[in-house]
Structure formats: C-alpha cells, structure tokens
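Worksheet for the structure shown next.
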Amino acid sequence: MSPHEIAITPFDGQKPGTSGLRKKVMVFRQPGYLEAFVQSVFDTQADLRGGTLVLGGDGRFFNRQAIQVILRMAAANGIARALVGRAGILSTPAASAVIRRHGAQGGLVLSASHNPGGPDGDFGIKFNIGNGGPAPESVTEAIYRRTTQIERYRVFDHHDLDLDHVSLQHINGMAVEVIDPVDDYAALQETLFDFEAIRALIRRPDFRFRFDAMHAVTGPYAKRLLVEMLGAPADAVINAEPKEDFGGHHPDPNPAHAEALYRETVLEARLDFAAASDGDGDRNMILGRGIAVSPSDSLAVLAANATLVPGYAKGLAGVARSMPTSRAADAVAAGLGIASFETPTGWKFFGNLLDAGRITLCGEESYGTSSAHVREKDGLWAVLFWLNLLAVKPGETVASLLTTHWRRFGRHYYSRHDYEAVDAGIAAAALQRLRDALPSLPGNRIGGLVVTTADDFAYTDPIDQSISTGQGLRVVCGEQARVIARLSGTGTEGATVRLYFELFEADPARQRDDVQARIAPLVDFAEHMTGLRAASGRRGPDVIT
Ligand code: VG1
Ligand code: CO
C-alpha cells in the first residue's frame, strides 16, 4: 500500500527554540501544523529511513493524539521500527536512555517541559539524535529551513493503536513496540548508584523525605525507583499520577511553583530531604531541612563528591555548565585539576563534549543536572545522587554538605530574576540598551566592584568548531561577580527576560543566607542599564529562583 501525500503550505515560526518547538496547544492543533514539523524532521534525517524511532512524551494534553499521528507518518516515511512508551509516556531522560540502549537513530519527545498543560496550555516537540541528546543547532536549523519549504506530508490511513499495553503491533511495514517506559531507565540508574546504601538511609526512622512529581511524568519513575526498588513508604512520593493538565499547576520544581514542599522543608524544617521534578522529568529541585540547594551549587557539590558514588568512582573527565550558571563548578574543577567548560544555555550544547569524553557531569542554573549516562538532564538521577551522598556520609545533612563545600571552595551567591510575558518590543529594547553600553562598561564600578569584561556571549564548540552567537549579555567583575541578561527561548507568550546575578564570597565567616540582600547592588545595576522595570511597568520579577 502506498502512503497518502497530503498537500500543505508552510507555517510561519516553526523554529525550534532552546529546547524544541513550543507553542500553544491551539497552534499545534491547526490542521497540518504538527504534520508539517514532523515531516520536516523525516525529510532532513535520512538515517531514520529503515531505522528505529523512539517516541513518547510527558503525558500532557494532546500527547496521545500526536503520537497516533506521528506513528502513521513514521510508517509512511519508511521507518522500520518505533519504540513507544506505554500510555505515550517517556520522560525526557528516559527517552534519551531508550534511544541509546536500543541503538535507535533518533527520537521525538513530546513535551513543553515545565510550561502549563491542558487545552489552553502549551505543547512541544523535540527531535533527539542517535546519541540520545537534543539535536544540535545544525540539525534544528536544517529542520527549520525545511519547514519553510514543505509542500506535502506522507501518512497512512490506519486506526489508532492501543498504546496502553506492552505489545508488538504493525502499521503496514512498520513494527510498533509499546515498551514499559521505566524499565530501561531504572536499569541504567541501578548501574550508577549504591542502591543498598540508599535503601539503608531511607529505612532509617529519623530520615524524613519526600518527592513531589507535580502530577507530571516522573510519578511512575519515582514510584518504581524510590518506593519499589529503594523501599520508601508509598506516601513519600506525592502527586505521582501524571495528569494531562498537571492538576492545573506549573510543573516547575522551584520555590515559587513547588511552594508547599519548599515551605514544609525549608521554612518549617520538617523534612530532612525533599525533591521535585518538572513536566518531562529532566529538572530537579533539591531541598534539605532549613535550606534550599541552588542548582549551580548542586552541580558543584555533586562534582566535588562524585568519587563517593559507584558510577563515578574513577573520577570525572571534566565538568561543563551553561554560561549563566554560577562558577561554583569551575572552582571545583580547578580544585580537582580537571577541565571545565562554559556553554550556551540549552542541553544541546553539552552533547559534543559528552560524546567526546571531555566531560562527565554538566548542569544548568535552571534546575538541570546530569552526566554522561544519558544526553539529557535527568531529574531523578540528581535525586539519587544526593541520596547516595547522604547515605555514604553518615552524620552529614544537606545543610552540612553545603556549608562544608562553601568553606572549601567559597560561596557563589546566585539568583535568577524572570520577567515573564513582557511585550516583545519592550524586552528587546531593554536588552539593546545594555548591549549598546557593553563596550563602555569595563573599568566602571558596580558597588565596590570593577567591571573587567562585558560582552555578548559567543561560543565556539571545542569539538566541531561550530559557532553560536548572541547567547546572552554578560557583565563580569573578575572572579567576584557577574550580571547576565538574556531572552528565554522556551516561552510561548510575549518575551521572557532572564536576569542572572552571581556574587562570590570566599570568607566562611561572611557566608550568611542573605542572597537577595547581597546581590541588591547587582540588581540595581541591571535596572539602571536596561530600564526594564521602568519600561515594562513591573514592580519586580515574576519569579525569583
Ligand atoms: C530554559 C532554561 C534552560 C533550559 C531550557 C530547557 O531555557 O533557562 O537552561 O535548558 O529551559 O529546559 P530558556 O531559553 O527559557 O531560558 V526544559 O526542562 O524546559 O526542557
Ligand atoms: Co524539562
């Protein structure tokens, strides 16, 4: 049987951002919209023909429908085999693990991560390549160019498949294997961590811990790993049922959106350890009794203590962080005598370094951390890593691990201020004001600090020499401080401006918990340079992390 060729005209704006194509559900539901993007992937990725495609998503509204469409198109485009998570579920790190374990040529991950779901929420689609990681810019550019020329898509007529049972089905010549979404991922984690030690920690009556899946994809993963495999009580995993609208919340693990967990653990000090993950399971928030771990610090602490964990006992090849992420990881790398790299925002920039064996751990300030075990950030991996450290360091707590770390390496105070859904013109003008001033800033003072460099971050990939420009404005005061400004590439409404503030304090006697007060001069400087608050009429940021 030959496939149907359906004529379409190109849609504007099918350009993948920081992490795939993200739009409102109603945009994705326009006839031919999803199809145009998917066909552009198939047209540009010749490896997929005769190969294996992994397919799954975070379970949000439109996930199941999109999977049925993509399967019919995949068959019509000559893909030999599709691996689909049961119920259409695959967390982002699990999709990466499945691609790698089964030698697939690529995968389509359906998610808009922490963006709200439901009929009025967001949807997204991301293409991952054969290494299991997000497609690099060269690939997303090629896909985008194709979307501007697309004239037809290919599809078979076929009834919807049953995705709710592990099974082998066929669409004409293509085999569709519905797989357990957790098996490969859980098996991989077991090779990295000391499950015996974590089990003993979790069994201790004085260790109170909780994981919040935020009604998103990590529910089934956390139940398998933490409850079934590690013996946690069933009620230690909360909001474990993935919902199409995430229960109406932002599945974003940070103090603003995981407010109850933050209150109970940090403000009321009632739990020893708490963690949460986002819509698609790649982010993590780590909390301890009376303390929140800044994601930049988390990367640094994991790197400094990695050899205590079986999967990293041999040491690290190097570490990498995205440019806005604090330089705490660099301090650890210098201390350990290993390489450190600074990449643009977005996980796709870590892929080459990981593939080349130049780094073992990497992370972003946006609650993302992971290692060479997959090619995505991995929320539950970070949770297991912290549990493993606590398990093999008796007497230590999250707070004591952090204070010991700061005493040794110094503390990088850090905060990100987000101005969401700002008028795109106002946001662009605010950043342009700062951009125009960059050449004149070195030598100027911010409080008592002197600006040493100021630039628009450009990156040359050390492995393939590809160049990415315009990756964020940064004003640097030597090792002491940085102020960074960039536009989000994941939003679906207006423009989101992110301002990042970092301040270094070497003296343990002065390392108090007063982040916002410490960075206040940097915040004033950012407003002075951009005029963002004044121009947008906002009193302050919408979200502070
Ligand atoms: C944000 C974060 C970035 C992260 C990206 C995808 O991008 O800042 O660090 O890689 O989201 O994460 P942006 O362009 O909005 O700043 V996820 O968990 O949304 O896949
Ligand atoms: Co995510």
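For ligands, and for the atoms within them, numbers begin at 1 and follow the listed sequence.
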Provide, to 0.1 Å, the distance between atom 7 (O) of ligand 1 and the closest protein heavy atom, together with that atom's residue and name. Thr490 CG2, 3.5 Å
Does Asp436, at its CG atom, have more than 12 non-hydrogen atoms belonging to other residues, nucleotides or ligands within less than 6.0 Å? yes
Can you sort out which atoms of ligand 1 are near His114, meaning under 4.0 Å from one of its heavy atoms? 19 (O)
What salt bridge (charged side-chain N to carboxylate O under 4.0 Å, His left out) pairs are there with at least one residue in residues 486-496, not counting sequence neighbours? Lys24-Glu493
Can you confirm, on distance only, whether ligand 1 has an N/O atom lying under 3.5 Å from any N/O atom belonging to Tyr500? no
Using a 4.0 Å cut-off to any heavy atom of Arg486, which atoms of ligand 1 qualify? 13 (P), 14 (O), 16 (O)
Residues Ser40 and Gln14: side-chain donor-acceptor under 3.5 angstrom: no
Between Arg321 and Glu502, is there a side-chain N and carboxylate O pair less than 4.0 Å apart? no
With sequence neighbours excluded, what pairs up with Phe385 under the ring-ring contact (aromatic ring centres under 6.0 Å, His included) test? Phe193, Tyr312, Trp381
Establish, from distance only, whether the side-chain atoms of His102 and Asp184 form a donor-acceptor pair under 3.5 Å. yes
Taking only heavy atoms of Arg498 into account, list the atoms of ligand 1 that are under 4.0 Å away from them. 8 (O), 13 (P), 15 (O), 16 (O)
Sidechain-backbone polar pair: Arg60 side chain, Pro116 backbone, donor-acceptor under 3.5 Å: yes
Lys/Arg N to Asp/Glu carboxylate O, Asp378 vs Arg283, below 4.0 Å: no
Apply the test ring-ring contact (aromatic ring centres under 6.0 Å, His included) to residues Phe246 and His215: give CA-CA distance (whole Å), side-chain angles for both, the deciding distance (0.1 Å), then the verdict. CA-CA 5 Å; Phe246 309 120; His215 291 304; 8.9 Å; no
For Gly368 and ligand 1, answer yes if some heavy atom of the residue is under 4.0 Å from a ligand atom, otherwise no. no
Heavy-atom nearest neighbour in the protein, as seen from atom 4 (C) of ligand 1, with distance rounded to 0.1 Å: Glu364 OE1, 3.5 Å
Per-atom contacts, ligand 1 versus Lys377 - under 4.0 Å to a heavy atom: 4 (C), 6 (C), 10 (O), 12 (O), 17 (V), 18 (O), 20 (O)
So the atoms of ligand 1 within less than 4.0 Å of a heavy atom of Ser113 turn out to be 17 (V), 18 (O), 19 (O), 20 (O)
Once you measure the plane-to-plane angle for Tyr459 and Phe457, does it fall in the parallel (<30°), tilted (30-60°) or perpendicular (>60°) bin? tilted
Protein N/O/S atoms closer than 2.8 Å to the Co ion (ligand 2): Ser113 OG, Asp278 OD2, Asp280 OD1, Asp282 OD1
Below 4.0 Å from any atom of ligand 1, is there a heavy atom belonging to Arg416? yes
Where on Ser366 is there a heavy atom closer than 4.0 Å to ligand 1, on the side chain, on the backbone, on both, or on neither? side chain
Sorted by chain and number, sequence neighbours left out, ring-ring contact (aromatic ring centres under 6.0 Å, His included) with Tyr221 holds for Tyr185
Give a yes/no on ligand 1: does Lys126 have at least one heavy atom closer than 4.0 angstrom to it? no
So is Lys348 in contact with ligand 1, going by heavy-atom distances below 4.0 Å? no
Selection from Gly472, Gly489, Pro324 by shortest heavy-atom distance to atom 13 (P) of ligand 1: Gly489
Thr92 contact mode with ligand 1 (heavy-atom cut-off under 4.0 Å): neither
Can you check whether His405 and Phe409 have ring centres sitting under 6.0 Å from each other? yes
Using a 3.5 Å cut-off on N or O atoms only, is Arg283 in polar contact with ligand 1? yes
Ligand-residue contact atoms, ligand 1 with Thr18, heavy atoms, under 4.0 Å: 5 (C), 7 (O), 13 (P), 14 (O)
Enumerate the atoms of ligand 1 whose separation from the nearest heavy atom of Arg22 is less than 4.0 angstrom. 17 (V), 19 (O), 20 (O)
Can you check whether Leu287 reaches Val293 side chain to side chain, under 4.5 Å on heavy atoms? no
Charged N to carboxylate O below 4.0 Å: is that the case for Glu420 and Arg538? no
Any atoms of ligand 1 less than 4.0 Å from a non-hydrogen atom of Asp278? List them with their elements. 18 (O)
Do Arg435 and Asp456 pass the salt bridge (charged side-chain N to carboxylate O under 4.0 Å, His left out) test, and can you show the C-alpha distance, the side-chain angles, and the key distance before you say yes or no? CA-CA 7 Å; Arg435 190 177 291 111; Asp456 191 344; 3.4 Å; yes
Exam field: side chain Thr147 to backbone Tyr144, donor-acceptor pair closer than 3.5 Å: yes
Please state which part of Thr345 comes within less than 4.0 Å of ligand 1, counting heavy atoms only: side chain, backbone, both or neither. side chain
